[in-house]
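To start, the structure itself, in structure tokens.
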4 protein chains.
Amino acid sequence: MSTQLVAPLTAEDMVIQAMPDVSPPKWHLAHTAWFFETFVLAPQAPGYRVFDPRFGFLFNSYYNQIGTFHARARRGLLSRPTTAEVLAYRAHVDRHLLALLDEAPPAVLANVLPLIELGLHHEQQHQELLLMDVKYNLHCNPLFPAYRDDLVAHPAAASDPAEFLRQAGGVVAIGHDGEGFAFDNESPRHRVLLDPYRLADRLVTCGEYLKFVQAGGYRTPELWLSDGWATVQAQGWQAPLYWHADGDVWQVFTLGGLRPLDPATPVSHLSFYEADAFARFAGRRLPTEFEWEAAAVRAGADPAIGNFLDGAPVEPTAPPTGAGLRQLFGDVWEWTASAYLPYPRYRPAAGAVGEYNGKFMSGQMVLRGGSCLTPRGHARATYRNFFPPDARWACAGLRLADDA
Amino acid sequence: MSTQLVAPLTAEDMVIQAMPDVSPPKWHLAHTAWFFETFVLAPQAPGYRVFDPRFGFLFNSYYNQIGTFHARARRGLLSRPTTAEVLAYRAHVDRHLLALLDEAPPAVLANVLPLIELGLHHEQQHQELLLMDVKYNLHCNPLFPAYRDDLVAHPAAASDPAEFLRQAGGVVAIGHDGEGFAFDNESPRHRVLLDPYRLADRLVTCGEYLKFVQAGGYRTPELWLSDGWATVQAQGWQAPLYWHADGDVWQVFTLGGLRPLDPATPVSHLSFYEADAFARFAGRRLPTEFEWEAAAVRAGADPAIGNFLDGAPVEPTAPPTGAGLRQLFGDVWEWTASAYLPYPRYRPAAGAVGEYNGKFMSGQMVLRGGSCLTPRGHARATYRNFFPPDARWACAGLRLADDA
Amino acid sequence: MSTQLVAPLTAEDMVIQAMPDVSPPKWHLAHTAWFFETFVLAPQAPGYRVFDPRFGFLFNSYYNQIGTFHARARRGLLSRPTTAEVLAYRAHVDRHLLALLDEAPPAVLANVLPLIELGLHHEQQHQELLLMDVKYNLHCNPLFPAYRDDLVAHPAAASDPAEFLRQAGGVVAIGHDGEGFAFDNESPRHRVLLDPYRLADRLVTCGEYLKFVQAGGYRTPELWLSDGWATVQAQGWQAPLYWHADGDVWQVFTLGGLRPLDPATPVSHLSFYEADAFARFAGRRLPTEFEWEAAAVRAGADPAIGNFLDGAPVEPTAPPTGAGLRQLFGDVWEWTASAYLPYPRYRPAAGAVGEYNGKFMSGQMVLRGGSCLTPRGHARATYRNFFPPDARWACAGLRLADDA
Amino acid sequence: MSTQLVAPLTAEDMVIQAMPDVSPPKWHLAHTAWFFETFVLAPQAPGYRVFDPRFGFLFNSYYNQIGTFHARARRGLLSRPTTAEVLAYRAHVDRHLLALLDEAPPAVLANVLPLIELGLHHEQQHQELLLMDVKYNLHCNPLFPAYRDDLVAHPAAASDPAEFLRQAGGVVAIGHDGEGFAFDNESPRHRVLLDPYRLADRLVTCGEYLKFVQAGGYRTPELWLSDGWATVQAQGWQAPLYWHADGDVWQVFTLGGLRPLDPATPVSHLSFYEADAFARFAGRRLPTEFEWEAAAVRAGADPAIGNFLDGAPVEPTAPPTGAGLRQLFGDVWEWTASAYLPYPRYRPAAGAVGEYNGKFMSGQMVLRGGSCLTPRGHARATYRNFFPPDARWACAGLRLADDA
């Protein structure tokens, strides 16, 4: 599916990197192939020869145990290998993966299959990153080009006020229970003691957030964490990323280009600092990741249902009608009040694969739920996404919580 | 006592600021007086006239609700007011505080006394900061001048290996119980569910940490969090702040000048990243702040006993002999695995005083216990100190923990 | 010819910008078309409609009087317009230029022709810049891709020692005499008083410069201007840009890829600081731009003959045999000891075209002669090229001079 | 006299360094003593022992041949040695200098005297720098403290319009003729060919410059060199350094504190970029350093007469009445159109003293004449002062010139 996602892009779009946090689309295509080559083919496929030994340096993202790697901020300087060469690389890797699955004896397969499963989930993560990055890159162009010209907006009626649904406290089990795939950071399953609390039954909307903007939220230091206020001033933030004001009229840059702000849709592309400040403005707070997970599990959210990426990239939509917790999955990732830390007795996997999650457990906040750019099937109630508190290019918003 | 602490300093020492995180000694003296003037005298003392209206701009640290303030990084550019003028300012404030206590009617006193208590604890915090800052400032001078020439080192015999003492799990009460003074970030008292765990019976020593250095700890990315490793490389860290190698011989800069490394004393001036990497190297982990507090409460640590600042600034010392958890207080602050976040149902105080703690609950890690620069009486089992994970100028080390 | 120069490039190569000083190849193609559109078609062609009004913002390089412009350092973030769209833009502009030349009445033609001539020389300058930039961009790729794979190196025999040819002093006329095209910075022609001097009969070679490198030239502060030495240390310079050492074996990155260093060819891609330090090391000095021009005029260098760009980009070559001043033109630009300042009574042209040269007469040094990337016909004895003293991506070397 | 200059300063004032270009007052006192110790006493005084061997590292400004040195930008972090210790250092050096003069045999004296003379002129330069730096440091304090409270302003009547006096062209001799002391950069004396030109008979005044400010000079890119305009935008310049607007009322920070702008006094604390932009605004230009020197020599300016530092630091004053070129010396240094480059056949002195001037001949512009902070006797017609084009903390203004 990754290659379908880049179909609407020009060769030129495949190269650019508008800030260090994003990567060029063709880098994503190459890196996900490199992951399979490095962790599956090279150690497990007898006689496999790497496609190009120099790609190990170019397309290793951050695995120190594999070797040195090309500086992240300089990925956009690489015109070569071209997209065509990257596609050839992917075809080569795919071919050998299929051959390996075909020919490997059972003992090898037992080793290989979990790594391939990891590689597939890794690629799903990069599908979301690729679209986040394309959106950011295109937005830096004063021409505001659309990723796709055929995306139709469906403005909705204004939403009803959110209702705050009471959730029971007590000792809850948190973390993955071992059924199906999960990343190591979702384990071990362990018990957490919660006070009773309340959760909004839907996401915060653009219309609600607009009131914060219009009330001077970005000029009121009392509403912000100290680091957040410093960021607001240093970056000159006045609204969410991708919002543009022409006088009192607001437009939002989407993968379909600039569009009028739709008050009923969930607000997106917020940093943690903005989500936190809005919650304070609203007299509420963010939920912890444990509160969120306990409620999602209770709501029976398995499999996860929501507005996901299904081949066709979409934008967040207004909440469906109905009772209970809506929009738990899809639309936008939900910032929580929890720092990204290891669960008790957490141990990363041995070897370089262990660098996947554990070493990033510092300086980041947890998000839950999934977004409209998340591949369906990649979301689950125990999934822990994470970003630094000032990151805004993710499809991230919030759901309010409160003490019971 | 603050003015006693600066007695060994020259007029020139009072001005300098060797990095943005530290403040000139005379700034500390002025800021703590400003705190009393702003939060006690100005609102509560009838007819009080501020000493100099321009000081409000110069000596407000970060209270946005009080007004704009002089940039933190530029405090070292202020030769005026001189130390003599700052001392006159302090005398003026002290005089009016005493008069207020003397003359205020009971209803006013009831308002005033909690603010004065807060101001005194605020000043104790700045006494520790002042000495941390003086140490940092003097260390930046290639002459390595001592703060005091009369501080005698007492090298100890090598320590016995640490013992890991089992601690029970279960639901524990965390946070201040309302007896005596506490900062707002220690409340509300609430319940936390812990697994059983083990705690080292003493702090990690310089001798133990030296092995980490000699084993190439600062050149081994697998031992570090990703942000930590980036910091090691960007800053060129090769050992704790204040350690100097001359070939294989190590010296440590102290408030008494350069001294040979004493293997039995607690390692200090570590960042969180270094404490975390050492724990990984040792095959252990850092305790959470809840594990630490539960153990300290159980150990009956009230009042806190340890190697504290008693007028005479000291350095960390080797652990006392004896059984049980030693060095829980004093010597060095202990990094924990906990991010600095609000306790459930935490609410900052109303008004500008509410900016004291709450707005800093982002991007920092909790430390527990107190150091040899902490005034005796300022430490307690529920006290939450906090610094960014890369900060090294605090008197901070670690105690190892493990799963039971 | 500009479009021929990009024929060997991939679509991906057309986008990248590896440092703020270089521009993406497709930006050069668009900017030179914009120059014609803005200064010729828009004001002079009746009824002309601009191709895309947003291109004025994107492709204005620095003409404040035309309006605001896209930040130079962000040119590499623009994937759109694509190369195909830029080529359509060029075709549109070319078509209208030809129509204008065809249909304009004589009075308009008299206005238009000098501007078209300026536009053509402007485009020639950008042809050299385009190749300089392509070389720099490709060199930043660890794969070291060649611009063209069919460029053959012709290693030459070692050169004879340079001979220093005596040049007469006295009052000489400097600057353009009005015959043929010249930029405004070559005027007014004026008189300068020179002492007798001596000029090397050829350029400094790679072999000679290698001795400077091997003698520790990059580690000897006495050889450098203060700003130069600061740059050496800040940038970690150890050899010219594009030189790579593998032990004692040196390779040089060229438009044909990595090649063994050829000691007989002129050293290139030096900064002024390096040229100046080498001259000091050699016990000589750089010539002034007046000494250079007087010698070139005396040598009868009209038309300029040398190793120029003739459609096929080339690399510097060993000096031809023969007596007299060789390599005055082509091969590499020659750094002079002269700061880039206006000639006496210099006046820039009126209007935005006057921003072409005059406003850059600060902080730069003059180079003379032309390089192997300069289109033949663009070079002349009075031509003043200029770069900041730390710039290394130009094809620039030096010729030694001395007092008589 | 240097120690008299610091008499009005507090101990705290002696330490601070408000930007990397300035030095703490006590650093100047120590550095000038170090110069004598290093270049005179150590090599020439038999048995001399350096006062403190560590001072060589701390107080070497930039002499690479003497050894490594403390980073310039960190001079303000040194509280030790204290001012008292620095004064003891100076007394030690003075005592040994006197003893050397007393006891040295004639052959040694012949070596020593030129170095002592150089040291004295070096110290005079640092007297001016010290006052420039004190002014800058005090100005960074929001309290705007005065260096001296007893400096009285003498507002003058508005000046008559400047007259432009015609100066003959032809071949002139430039540079020092060997009579009396001169720095090496004033030699060798050589011939320069000048066109006839015209020079304003006085300096540009604050009143004249205010019109440039009020006409939007700082918002008009056409008036500026490209580097200058970039600096205006990056630094947010809106007026000369030390000018403060309160609505339409302008005040100027002086060594006597804030004062109303006096339109008749020379404008000061301009960068080269501002001087150049003003000249363009006025339809004139800056003189070259050769034009200035030729006119000053013709005017018989020997000894130099003007408003100089005579123990008591002063501010620029309105021009005296009278005919001819006024204010050639004193008041403010005059920016010229000349880059700071070596004179033909210039050779620096051998050894470390040769680093005094030559290595700075890059990236700077020449100023002529001297200022109100220049010690009388330090100024002469051939003197070449120099600063980078964006430097504003020197007492520097301009005199207009024009073509004849």
Side-chain angles (χ1 to χ4, degrees), chain A residues 6 8-20 22 24-27 29-30 51-60 67-71 73-87 89 133-147 149 257-258, chain C residues 6 8-20 22 24-27 29-30 51-60 67-71 73-87 89 133-147 149 257-258:
Chain A
V6 302
L9 299 179
T10 67
E12 289 87 347
D13 295 331
M14 298 296 287
V15 186
I16 58 176
Q17 176 186 31
M19 70 162 169
V22 310
K26 75 184 172 76
W27 188 91
L29 297 188
F51 183 75
D52 186 325
R54 303 170 305 176
F55 284 12
F57 178 77
L58 291 180
F59 300 124
N60 176 359
T68 58
F69 43 86
H70 191 241
R74 295 172 67 83
R75 291 176 186 163
L77 308 186
L78 300 178
S79 55
R80 321 282 183 97
T82 61
T83 299
E85 290 163 336
V86 167
L87 292 176
Y89 178 38
D133 294 359
V134 163
K135 190 170 182 177
Y136 190 88
N137 283 340
L138 294 178
H139 178 257
C140 287
N141 192 319
L143 307 180
F144 291 136
Y147 164 70
D149 290 324
L258 272 184
Chain C
V6 301
L9 299 179
T10 68
E12 289 87 347
D13 295 331
M14 298 296 287
V15 185
I16 58 176
Q17 176 186 34
M19 70 162 170
V22 311
K26 76 182 172 73
W27 189 91
L29 296 187
F51 183 76
D52 186 325
R54 304 170 305 176
F55 285 12
F57 178 75
L58 292 180
F59 300 123
N60 176 359
T68 59
F69 43 86
H70 191 242
R74 295 172 66 82
R75 290 175 186 165
L77 308 186
L78 301 178
S79 56
R80 321 282 181 96
T82 62
T83 299
E85 290 164 336
V86 166
L87 293 176
Y89 178 37
D133 294 359
V134 163
K135 190 170 182 177
Y136 189 87
N137 283 339
L138 294 178
H139 179 257
C140 287
N141 192 318
L143 307 180
F144 291 137
Y147 164 71
D149 290 324
L258 272 185

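Labels below follow one simple rule: chain letters A, B, ... track the order of the sequence lines, proteins then strands, and each chain is numbered from 1. Here the structure is a predicted model, which means the values were calculated and not measured.
Per-residue counts of heavy-atom pairs under 4.5 Å with chain C were compared for R80(A), Q17(A), R54(A); the largest is that of R80(A). When V15(C), N141(C), T10(C), L78(C) are compared by the number of non-hydrogen pairs under 4.5 Å with chain A, N141(C) comes out ahead.
Here the closest heavy-atom approach between residue L138(A) and residue S79(C) is recorded as CD2-OG, 4.3 Å. Here the closest heavy-atom approach between residue E12(A) and residue A11(C) is recorded as CG-O, 4.2 Å.
Taking CG of L143(C) as the reference point, atom CG of D52(A) lies at 7.0 Å (rounded to 0.5 Å).
No part of P24(C) comes within reach of chain A, as not one of its non-hydrogen atoms sits under 4.5 angstrom from that chain.
With a 4.5 Å cut-off on side-chain heavy atoms, L77(A) and I16(C) do not count as touching.
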